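Below, chain A is the first sequence line, B the second, and so on; all start at residue 1. Fair warning: this is a prediction, and the values are worked out from it, not measured in the lab.
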There are 2 protein chains.
Amino acid sequence: MALFSYMKDFIHVYSNNFCGAKHAFTLRSGPKSGTIGQPFENDPSLTMTSIKDVALHAGVSVATVSRALGNGPVSAALRERVEAAIAATGYHPNLSARRLRSQHTRTVGLVVSDIRNPFFTAVSRAVEEAAYQADMRVILCNTDENPEREALYLRLMQEERVSGMIYAPTSTMSNRLPANGFGFPTVLIDRCPEDCSYDAVVLDNHEAASQLVQHLLAQGYRHIGGLFGNTSTTGAQRHAGFAETLAAAGLPAPTRFIAPRTEAAESATRDWLVSGQHPQALLASNGQILAGMVRALRNLRTQIPHELAVVGFDNEPWTELVGPGLTVIEQPVDEIGQTAMDLLFERMKTPTRPARRIVLQGRCIVRGSSITR
Amino acid sequence: MALFSYMKDFIHVYSNNFCGAKHAFTLRSGPKSGTIGQPFENDPSLTMTSIKDVALHAGVSVATVSRALGNGPVSAALRERVEAAIAATGYHPNLSARRLRSQHTRTVGLVVSDIRNPFFTAVSRAVEEAAYQADMRVILCNTDENPEREALYLRLMQEERVSGMIYAPTSTMSNRLPANGFGFPTVLIDRCPEDCSYDAVVLDNHEAASQLVQHLLAQGYRHIGGLFGNTSTTGAQRHAGFAETLAAAGLPAPTRFIAPRTEAAESATRDWLVSGQHPQALLASNGQILAGMVRALRNLRTQIPHELAVVGFDNEPWTELVGPGLTVIEQPVDEIGQTAMDLLFERMKTPTRPARRIVLQGRCIVRGSSITR
DNA sequence: AGCGTGATTGTAATCGTTTTCACTAGAGGT
DNA sequence: ACCTCTAGTGAAAACGATTACAATCACGCT
């Protein structure tokens, strides 16, 4: 039987030597766990009633209790005794044991790059809702666009043996995605290299940026600038749509790439505007950048849209509240989350299915920030 | 030894018959898992290399591998062989097994009521950061102010055997908190009944609301109304501060309690304003309500602050961008998250310590929305 | 030579479940 | 009466790690 145990190696389908072994040691001796001390030594929280206690209490075997918990065949009389025993002992099944034995975790990992970005919280909610419906749990990991944390969380996903993962890789990682997967079904969201072999659900970034530019052109703007995030493929694709549409109109496409954070966007906008010749309209490649841009404009007392038109991505609730309202691309956040989960489930059912890339369209919401009257 | 196993029952300190046994069955046959089918049957994701494979590959015992992974005594030569074997096999430790055996999960549960509320995402980030530093994981659960989901997630915390929990209870639950705890260290955040026996870190809601009212009074406003959330103790406490401060000034305190959602706040505000006699100033008890209020005002073309002054809670990034800027109470979100984790760690170390309630002060940021010039 | 001592290593028990397997009892067919 | 079948039950073997315990070995001391 030992032989059989080792044979598994030859038949298991997934490669999982993605995260090198070096990392395997930090779990117990984490980078800074020393600073906290060891508050978890004789953690009594796990010393709880087990299925044995219930069995003893009900006068049946543990197998019967287990079957009563699940949907196994148990006579009505015993089932009732078991339920009473459970109530009496205050028993709660131990998920670690359950997962270990049953070999599936009913857990999906959700790895996002910035939980404070409303786009990701909206998607998270949709994912969590879908997981709830399917009776699965989600582990939410926030990488903060930090490759070190990203690597740690990716490793965590392996160690948790998640059933699947929904993942928004930073651009650093985008190029390094393991060619034959992580060892479990994975769906990329929001960001995805052009040629990638993963399931993915993304916005039609090229088209969406193009829409914004076309709208500005239609409004008569000719000097149009753009501020784009530099940590994701998304920023690059939006820039492509922006630049190509302007090029097609025979216009230049002044561009700055920045960290996708409010502060960076604010100072970049300020620098740009005080630098003398500034554009008539500015495009922001996501909600954070848009917020920074508006803040800079506000501090400079620049009138929107009369002195400068503004358009951007992400229809966050506040965008219709500021100034004359902001013209934005609305992303179908719920649909993105749901579709990602659907894709995940499909891949679980059919692991060999070729990768599918679902491209959703954004909706352009025109408000006052881009309309000269 | 079987005897010993059952003896645990008599010595374990926590009561855990909080969630009745009825619920214990829904794990495998969740409410709607049937609609999804059973995509997890022969989920091969867990068929991975185990510590045995590594041991075989390195020519050592599993115990040695385990010791090499941790900090046990292993000779340099063997340690090297083990590391090589780990790299060669692409081994990742199985957290379920590890947790089951070692009896602690290094996991904290974070149960919040609305992940889309920037207050909670900010706190989440702080909690997650602290957990990361302490080499722990966090399970984020979003109850959406829904008692059913809340019960489910509370049960999940038990089943996961979390090391601790940080928890923002809905008002429904606030009164039903188990008197002797959940079975693991728990810290309440944001919401906490006055007399509760749990560790907690909350804002000084009474004082904060009072500050806002005093500011309005100082600005000469006399007819001041308030919109408060009805799902949490927080809303009630802020209302108390609001009402009492007005009463002290001999003024009435017209109030409406609503669901703490943007839409509800919008329609409540609209109704109030079109109802004829409306106040000169309005207070919103959280960021969502504030947003709804501003949206309603915008649609009614009501000038802030000339026709109506506005103040509220939560210094979200957009509040300084809309209209003349919104006067708000800023909550120390990072400090709340960190303090909650500190409290959790302390309680883990000293389970018998009396409950501590930490009250943090908000900061009043005065902007144009409450200043008549 | 004999013997404690300390450092490494392996063997085996254990954590709390699920699941295979064998067994029983009763129903029903001949 | 005998055989077959099925449903209900318990005993015991996993799952993959950690850890108590025992065994080995080299070493220094008497």
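- Taking side-chain N and O atoms only, A:Ser66 has a distance below 4.0 Å to OP1 or OP2 of C:dT18.
- Closest approach of B:Cys141 to B:Met157, counting heavy atoms only: SG-CE, 3.7 Å.
- Atom pair B:Leu100:CG and C:dT14:P shows a separation of 14 Å (rounding to whole Å applied).
- As a whole-Å value, the separation of B:Leu95 CG from D:dA17 P is 10 Å.
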Please lay out, stage by stage, how A:Met341 and A:Ile166 fare under the test side-chain contact (heavy atoms from CB on, under 4.5 Å).
CA-CA 8 Å; A:Met341 283 295 271; A:Ile166 294 179; 3.7 Å; yes
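- Rounded to 10 degrees, the angle separating the terminal helix axes of the helix from C:dA1-D:dT30 to C:dT30-D:dA1, each built from five base pairs, is 50°.
- Taking 4.0 angstrom as the limit, A:Ser61 places a side-chain polar atom (N or O) nearer than this to OP1 or OP2 of D:dG10.
- Side chain of A:Lys52, nearest nucleotide from C:dT18, C:dC15, D:dG16: C:dC15.
- Once rounded to the nearest 0.5 Å, the distance linking CZ of B:Arg137 with CD of A:Glu159 reads 7.5 Å.
- In this structure, B:Arg353 CZ and B:Leu343 CG are separated by 5.5 Å, a value rounded to the nearest 0.5 Å.
- The CG atom of B:Leu140 sits 7.0 Å away from the CD1 atom of A:Ile115 when rounded to the nearest 0.5 Å.
- Side-chain to base pairing of B:Arg101 with C:dT14: one donor and one acceptor N or O lie within less than 3.5 Å of each other.
- For A:Ala97, the listed nucleotide lying nearest its side chain is C:dT17; candidates were C:dT9, D:dA17, C:dT17.
- Checked against C:dC15, D:dA17, C:dT19, the side chain of B:Ile51 finds its nearest nucleotide in D:dA17.
- Ring geometry for B:Tyr167 against B:Phe182 counts as perpendicular: the plane angle is over 60°, on a 0 to 90° scale with 30° as the lower cut.
- Using a 4.0 Å cut-off, no side-chain N or O of A:Ser102 falls inside it from OP1 or OP2 of C:dT18.
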Using atom names, set out every protein N or O paired with an N or O of nucleotides 6-8 of chain C below 3.5 Å, distance rounded to 0.1 Å.
none

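- The CG-P distance, from A:Asn94 to D:dG16, rounds to 16 Å in whole Å.
- Distances shorter than 4.0 Å separate some side-chain N or O of A:Thr64 from OP1 or OP2 on D:dG10.
- As rounded to whole Å, 13 Å separates atom P of D:dA17 from atom CD of A:Glu160.
- Put simply, the side chain of A:Arg161 never gets that close to the backbone of A:Thr105: no donor and acceptor are under 3.5 Å apart.
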Summarise how protein sits on nucleotides 21-27 of chain C as a single string, 5' to 3': B when a protein heavy atom is under 4.0 Å from the base, S for sugar-phosphate-only contact, - for no contact.
-------
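- To the nearest 0.5 Å, the span separating CG on A:Leu154 from CD on A:Gln158 amounts to 7.0 Å.
- Smallest separation of non-hydrogen atoms from A:His57 and A:Ala88: CE1-CB, 3.6 Å.
- Within the structure, every side-chain polar atom (N or O) of B:Gln103 is placed at least 4.0 Å from both OP1 and OP2 of C:dT14.
- Rounded to whole Å, the distance from CD1 on B:Ile86 to P on D:dA17 is 10 Å.
- One finds a salt bridge joining A:Glu128 and B:Arg149 here, because a Lys/Arg side-chain nitrogen approaches an Asp/Glu carboxylate oxygen to under 4.0 Å.
- Note that the CD atom of A:Glu83 and the CG atom of A:Leu78 stand 11.5 Å from one another [nearest 0.5 Å].
- Mapping B:Val60 and A:Val65 onto DNA chain C by nearest heavy atom places B:Val60 closer to the 5' end of the strand.
- No donor-acceptor pair under 3.5 Å is formed between the side chain of A:Ser66 and the backbone N or O of A:Val62.
- To the nearest angstrom, P of C:dT17 lies 16 Å from NE2 of A:His104.
- Shortest non-hydrogen contact noted between A:Gly109 and A:Val162 is N-CG1, 4.0 Å.
- In this structure, the CG atom of B:Asp53 is 10 Å from the C1' atom of D:dG16, given to the nearest Å.
- Nucleotide D:dT9 holds its C1' atom 14 Å from the CZ atom of A:Arg79, rounded to whole Å.
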